[in-house]
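One structure is given below, encoded as structure tokens.
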Amino acid sequence: MLFIFLILVFLICLQTPKKSLGRRLAIYYTSFLYLGITIFLYNQQKIDLSNWQSYFLLRFDDEKSAWISLSTALITVSLTLLFWKLFQSGYLKKVYSYSRKNWLIYALAVLLIFAGFLAYSSSRYAMKGIDNTSLDQILFTMSQPIRGSDPGQIINYMIDPLLEALLITVPLATLLYFATTCSFKFGAIYLQRQPHFKTKKVIFFGLIGLIFGIFLGGKEIGYADIRAFYFENTSIYDEHYVNPREVDLKFPKKKRNLVYIFLESMESSYFSKDLGGIQEHNLLPNFADLAQNEGINFSHSNKLGGMLQIPGANQTASSMVAQTSGLPLRPSTSLNSSESSEENSAEYFPGAYALGEILDEQGYNQALLMGSEAEFAGRDKYFTQHGGYDIRDYHWAVETGRLPEDYYEWWGYEDRKLVDYAKETLNELSQEEAPFNLTMLTVDTHFEDGYATEDTPDLFGDQYSNVIHDSDRQIAQLLEWMKKQPFYEDTTVVLVGDHLTMDSDFFDSVDPDYQRSVFNLFLNTNKQKVRNKNREFSAVDMFPTTLSALGVEVPGDRLGLGVNLFSDQLTLIEQFGYDSFQNELMKKSDFYNKKLMQDDEKDKDRE
């Protein structure tokens with residue numbers, strides 16, 4: 001690419017006068033378009049941008065990097081030289097110069113165009129570049145601080161939607177400039193003899209760009225979701241929400257410990273086809289063995305399966321909230337983020353009453369262990385405010401000397417270290433007389449393609465498959481270690497995915513009729529004769545089900561919007577139907593906003 005770029009600059013220099021403003025502008029303009037378009041197309045074709053050969057060598061192989069470089073160069077230099085020739089021949093002539101006021105108005109119009117097409121490109125990126133994305137997830141992510149996020153995702157945003165918006169805006173801004181400053185001549189006929197800068201027309205042009213971009217963005221997201229989220233109301237919370245504070249939960253005399261492991265992007269589709277997945281080779285052999293011979297896997301089918309993904313539980317933070325509170329976590333329906341989602345908010349989801357709070361009142365010692373930064377998406381606030389968890393994240397590992405200060409891999413540190421710290425934490429918690437709850441979150445299987453180390457076995461020729469398989473192995477080793485410990489007899493273990501994978505190309509060849517689901521497995525529960533097949537359920541049902549797995553009696557078998565899967569009660573998905581339940585969760589709710597997100601009852605008590 002860079003070799004062609006040097007040739008392109010050389011051609012521009014040959015065709016333009018030395019030390020002229022025109023030459024400099026032509027070089028800058030051509031350089032931006034060529035490099036920008038090439039990098040954008042490389043990224044679309046998933047060509048490795050870190051490979052130096054893609055930049056310096058013409059490789060006419062399956063990656064198509066050479067063809068992209070050549071075709072982009074030819075188009076870019078041809079258009080640039082065409083405009084230059086039009087200026088030289090007098091067909092295109094600058095006859096009007098902007099005043100300072102003109103430049104300000106022009107800049108405003110360009111910003112409007114850029115904003116519109118950034119809305120479009122961001123929507124396209126979210127809906128097509130990231131799998132299983134919905135409007136609520138986009139808005140929730142936008143409402144959160146970026147601190148603690150993977151730097152790679154920020155870079156991906158810059159070289160995809162941000163760059164795309166710039167590549168659309170720059171040519172349109174150029175045409176707008178020429179239309180307001182230049183005369184146009186075709187042969188002897190003037191198409192425009194005397195240009196005029198008219199403020200209303202320039203602003204109108206900018207507004208058209210803004211509206212058109214937003215229109216395209218809305219089309220990418222889906223107008224039905226936008227309408228439901230902003231303009232329709234649901235009564236599902238008014239009619240079906242069960243306040244856990246008002247339920248008389250009965251714990252057994254000997255309280256059981258809990259180890260709750262959130263598995264990043266863990267799907268049941270990673271099983272082989274004969275087991276209920278879609279893989280030719282089973283990527284989760286240990287989980288499959290545990291589900292078939294030792295634990296309980298709740299499934300949407302008659303084979304190994306899992307829970308169905310719903311709005312408000314379709315990314316890590318919101319799923320962790322939904323699984324532990326029985327409530328989806330949705331952003332505010334206003335254009336501003338909800339008060340509880342702000343980085344420095346005093347309260348995070350104050351109306352929710354979560355698993356951590358219930359266990360805390362029962363005297364449990366609780367810890368949250370993760371290899372990333374817990375403040376990302378406010379996870380630290382949720383778990384400290386709803387259970388007083390001891391937060392042991394990336395910062396904890398650095399501050400306690402377990403990691404060097406300059407150590408940072410993937411989202412913080414890799415799962416191999418997480419497993420070691422889990423053993424250490426379990427040994428520490430088990431020494432106390434009180435029961436404990438260790439909640440932990442893996443990260444190696446995060447999109448895109450997961451995090452592979454030198455120790456990750458290459459068994460499938462695909463990095464993401466290798467990483468998924470290795471995660472299965474690492475967690476199985478942790479479980480084997482736990483079984484040898486004195487505390488295991490009194491410990492229930494829950495393995496559950498947080499959401500479906502967002503790796504957009506991993507399921508390109510999947511039958512569209514195949515229902516993907518989020519993996520779950522309950523171990524050491526002492527439950528017998530459970531109806532665990534052909535169940536339709538979601539993250540909110542994990543809340544009462546987990547308490548039941550600990551031997552807790554849940555009167556009515558309902559908490560939040562969730563249903564105890566160990567009971568015969570129908571879940572809300574089974575009552576409403578999956579599509580109808582999803583649609584209801586997308587809608588606005590005054591009950592949710594006032595009593596759960598803001599907790600008006602608590603505010604009244606303070607007054």
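Only this structure's heavy atoms are used, side chains among them; waters, hydrogens and symmetry mates stay out.
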With a 4.5 Å cut-off on side-chain heavy atoms, are F522 and M542 touching? yes
Does R245 pair with E361 as a salt bridge, N-O distance under 4.0 Å? no
Between the main-chain N or O of T501 and the side-chain N or O of S265, is there a donor-acceptor pair closer than 3.5 Å? no
Are there more than 12 heavy atoms of other residues, nucleotides or ligands under 6.0 Å from atom CG of D568? no
Begin from the C-alpha positions of N302 and N534 and carry the test side chain to side chain donor-acceptor pair (under 3.5 Å) through to its verdict. CA-CA 6 Å; N302 59 359; N534 297 305; 5.5 Å; no
Should we count NZ of K219 as having more than 12 external heavy atoms under 6.0 Å? no
Indicate whether the side chain of H499 and that of E264 have a donor and an acceptor atom separated by less than 3.5 Å. yes
Where do K588 and E232 land on the salt bridge (Lys or Arg N to Asp or Glu O under 4.0 Å) test, with the steps shown first? CA-CA 6 Å; K588 295 190 300 180; E232 297 180 358; over 6 Å; no
Distance only, no hydrogens: is a donor on one side chain within 3.5 Å (strictly under) of an acceptor on the other, for R516 and S269? no
Between L441 and M320, is there a side-chain heavy-atom distance shorter than 4.5 Å? yes
Ring centres of F487 and F436 under 6.0 Å apart? yes
Enumerate donor-acceptor pairs with a distance under 3.5 Å from any side-chain N or O in residues 551-558 to protein atoms, sequence neighbours excluded.
{"from": "D557", "atom 1": "OD1", "to": "N564", "atom 2": "ND2", "distance (Å)": "3.0"}
{"from": "R558", "atom 1": "NH2", "to": "L570", "atom 2": "O", "distance (Å)": "3.1"}

Aromatic contact, Y394 with W411 (centres under 6.0 Å): no
Check the side chains of S372 and R379 for a donor-acceptor pair under 3.5 angstrom, ignoring hydrogens and angles. yes
Charged N to carboxylate O under 4.0 angstrom, R473 versus D415? no
Side-chain contact, heavy-atom cut-off 4.5 Å: F460 with H469? yes
Are any non-hydrogen side-chain atoms of I475 and F287 less than 4.5 angstrom apart? yes
Can you find a heavy atom in the side chain of W410 that is under 4.5 Å from one in the side chain of E414? no
Would you say the side chains of Y451 and T445 form a donor-acceptor pair under 3.5 Å? no
Does any donor atom in the side chain of S319 or Q323 lie under 3.5 Å from an acceptor atom in the other side chain? yes
Determine whether the side chains of N437 and T439 contain a donor N or O and an acceptor N or O closer than 3.5 Å. yes
For the CG atom of D498 and the CZ atom of F262, what is their distance to the nearest 0.5 Å? 8.0 Å
Distance alone, cut at 3.5 Å: any donor-acceptor contact between the side chains of R535 and S299? no
When you compare the side chain of D360 with that of Q366, does any pair of heavy atoms fall below 4.5 Å? yes
Cut-off 3.5 Å, side chains only: do K303 and S268 have a donor facing an acceptor? no
Any idea which heavy atoms bring E375 and D380 closest together, and the distance? CA-OD1, 3.4 Å
Any side-chain donor paired with an acceptor under 3.5 Å for E448 and Y464? no
Begin with the C-alpha distance, continue with both residues' side-chain angles, and end with the deciding distance and a verdict on salt bridge (Lys or Arg N to Asp or Glu O under 4.0 Å) for E294 and K483. CA-CA 12 Å; E294 186 173 333; K483 291 175 183 178; 3.0 Å; yes
L327 and side chain to side chain contact (heavy atoms under 4.5 Å, CB included): which partner among F543, Y353, F349? F349
Report the residues that fulfil ring pair (Phe, Tyr, Trp, His ring centres under 6.0 Å) with Y389, sequence neighbours left out, ordered by chain and then residue number. F383
